[in-house]
Amino acid sequence: MTKLPLTFYTRPDVVQIARELIGKYLFTRIDGVLTGGMIVETEAYCGENDLACHSHSGRRTARTEIMFHEGGVAYTYLIYGIYNLFNIITNVADKADAVLIRAIEPTEGIPEMLLRRKLDSPGYKLTSGPGLVTMALGITTKHYGTNLTGNLIWLEDKQQNIPDEQIIASPRVGVAYAGADALLPWRFRVKGSKWTSKAK
DNA sequence: CCACGGATTAACT
DNA sequence: GTTAATCCGTGGC
């Protein structure tokens with residue numbers, strides 16, 4: 001296995017990184033159980049001049065503090081009082097760029113994921129949405145700031161080659177409040193994959 | 001201290 | 001396709 005190194009995360013172009021993360025693998029070993037799969041959907045959020053980003057233009061609060069850390073750590077937070085969302089911080093310190101993981105194709109630890117999701121059989125409902133991925137992988141707000149080059153949550157490059165024409169770029173989900181920035185084509189998906197989220 | 005709203009989801013019709 | 005659940009945590013005061 002090839003764990004993605006710190007240098008993968010500290011590069012400056014978060015949109016490029018979000019695109020490259022398609023086809024990479026996300027794993028967690030939480031409570032000693034390995035779970036994970038191939039990333040099939042991401043979104044990029046840029047600290048500078050992106051109104052959809054929690055940390056836009058230096059908006060530094062207790063919640064967003066970790067976004068200003070150097071790339072390679074986890075930004076987790078609670079949405080709608082119910083769901084945990086998992087982001088990867090990128091770029092050098094103080095840039096506050098992040099990639100939201102929206103969907104994976106499960107490959108490891110499927111029985112454990114079924115338990116966590118309270119499902120009977122594997123299918124797209126297992127991990128096809130940002131709140132579902134975290135539930136299946138056991139990621140919660142407790143993992144805020146987790147180092148992604150460690151052995152709790154990490155990413156691997158398994159040399160899966162997803163050609164450019166298999167990747168769809170489109171506007172991000174749920175960020176209508178961001179005005180013109182809502183139109184940026186910063187959501188990436190694997191074309192034809194049944195494992196992506198169903199959001200428009 | 002406390003009013004407010006959200007990088008969503010599932011269960012409806 | 002439409003809508004309610006669901007509430008904690010955030011952040012402004």
Side-chain angles (χ1 to χ4, degrees), chain A residues 9 14-19 21-22 26 39-69 71 73-91 95-104 106 113-146 148 153 155 168-190 193-200:
Chain A
Y9 303 106
V14 66
V15 177
Q16 171 76 15
I17 293 173
R19 176 184 282 264
L21 281 172
I22 300 291
L26 172 64
I39 296 168
V40 295
E41 182 171 341
T42 64
E43 282 179 3
Y45 289 84
C46 180
E48 273 175 20
N49 299 321
D50 172 12
L51 289 177
C53 186
H54 292 158
S55 59
H56 72 85
S57 23
R59 196 178 167 78
R60 196 165 190 151
T61 66
R63 180 177 67 154
T64 62
E65 182 62 30
I66 197 67
M67 302 182 77
F68 294 85
H69 191 278
V73 296
Y75 167 44
T76 55
Y77 70 95
L78 192 67
I79 187 76
Y80 296 107
I82 317 172
Y83 301 107
N84 296 288
L85 268 57
F86 170 72
N87 298 255
I88 294 167
I89 300 307
T90 69
N91 213 329
K95 293 294 186 184
D97 289 350
V99 177
L100 170 69
I101 302 300
R102 291 191 53 88
I104 69 171
M113 290 196 261
L114 287 171
L115 284 178
R116 288 173 178 159
R117 292 277 297 110
K118 296 180 167 46
L119 294 174
D120 294 328
S121 55
Y124 72 91
K125 288 182 179 171
L126 196 51
T127 52
S128 56
L132 306 183
V133 169
T134 55
M135 205 181 302
L137 296 185
I139 297 173
T140 71
T141 51
K142 282 187 297 194
H143 305 289
Y144 184 89
T146 298
L148 299 177
I153 306 174
L155 287 87
I168 302 170
S170 62
R172 294 169 293 180
V173 176
V175 295
Y177 58 82
D181 290 335
L183 303 175
L184 294 167
W186 286 1
R187 175 192 187 192
F188 299 102
R189 279 176 287 169
V190 177
S193 171
K194 69 173 181 178
W195 300 103
T196 57
S197 74
K198 292 166 301 304
K200 278 189 299 225

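Just so you know, these numbers come straight off a predicted model, no measurement behind them. Here is the naming used below: chain letters follow the sequence lines, and residue numbers restart at 1 for every chain.
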Study note, to complete from the structure: Residues passing the side-chain hydrogen bond (donor to acceptor under 3.5 Å, both in side chains) test with A:Ser170, sequence neighbours excluded, are A:Arg189
Study note, to complete from the structure: In short, salt bridge (charged side-chain N to carboxylate O under 4.0 Å, His left out) pairs touching residues 51-61 of chain A with sequence neighbours left out are A:Arg60-A:Glu65, A:Arg60-A:Asp94
Check your understanding: Listed by chain and number, what are the side-chain contact (heavy atoms from CB on, under 4.5 Å) partners of A:Ser57, not counting sequence neighbours?
Key -> none
**Study point:** Syn/anti state of B:dA7 by chi, 90° boundary around 0
**Key:** syn
Practice item. Keeping to residues at least two apart or across chains, list the salt bridge (charged side-chain N to carboxylate O under 4.0 Å, His left out) pairs with something in residues 95-104 of chain A. Key: A:Glu41-A:Arg102, A:Glu43-A:Arg102, A:Glu48-A:Lys95
**Study point:** Partner residues of A:Ile79 under the side-chain contact (heavy atoms from CB on, under 4.5 Å) criterion, sequence neighbours left out
**Key:** A:Tyr77, A:Tyr83, A:Leu85
Review point. With a non-hydrogen cut-off below 4.0 angstrom, is A:Arg60 in contact with a base, only sugar-phosphate, or nothing?
Key: nothing
Revision key, fill the gap. When rounded to the nearest 0.5 Å, the distance separating CG of A:Leu126 from CE of A:Met113 is 5.5 Å
Review point. Applying salt bridge (charged side-chain N to carboxylate O under 4.0 Å, His left out), which residue pairs with at least one partner in residues 115-137 of chain A are found, sequence neighbours left out?
Key: A:Glu112-A:Arg116
**Study point:** Nucleotide range of DNA chain B lying under 4.0 Å from chain A heavy atoms
**Key:** B:dG6 to B:dA10
**Study point:** Sugar-phosphate, base or nothing in reach of A:Ala52, heavy atoms under 4.0 Å
**Key:** base
Check your understanding: Which residues satisfy the side-chain hydrogen bond (donor to acceptor under 3.5 Å, both in side chains) test with A:Thr61, sequence neighbours excluded?
Key -> A:Thr64
Exercise for review: For A:His54, check side-chain hydrogen bond (donor to acceptor under 3.5 Å, both in side chains) against everything at least two apart and list the hits.
Suggested key: A:Tyr75
**Study point:** Range-with-range stems for DNA chain C, at least three Watson-Crick or G-U pairs under 3.5 Å
**Key:** B:1-6 with C:7-12, B:8-12 with C:1-5
Practice item. Report, as a single string ordered 5' to 3', how protein heavy atoms within less than 4.0 Å touch nucleotides 5-13 of chain C: B base, S sugar-phosphate only, - not at all. Key: -BBSSSSS-
Study note, to complete from the structure: For residues 171-180 of chain A, the side chain to side chain donor-acceptor pair (under 3.5 Å) pairs (sequence neighbours left out) are A:Asp50-A:Arg172
Practice item. Write down the distance separating the P atoms in C:dT2 and B:dA7, rounded off to the nearest Å. Key: 22 Å
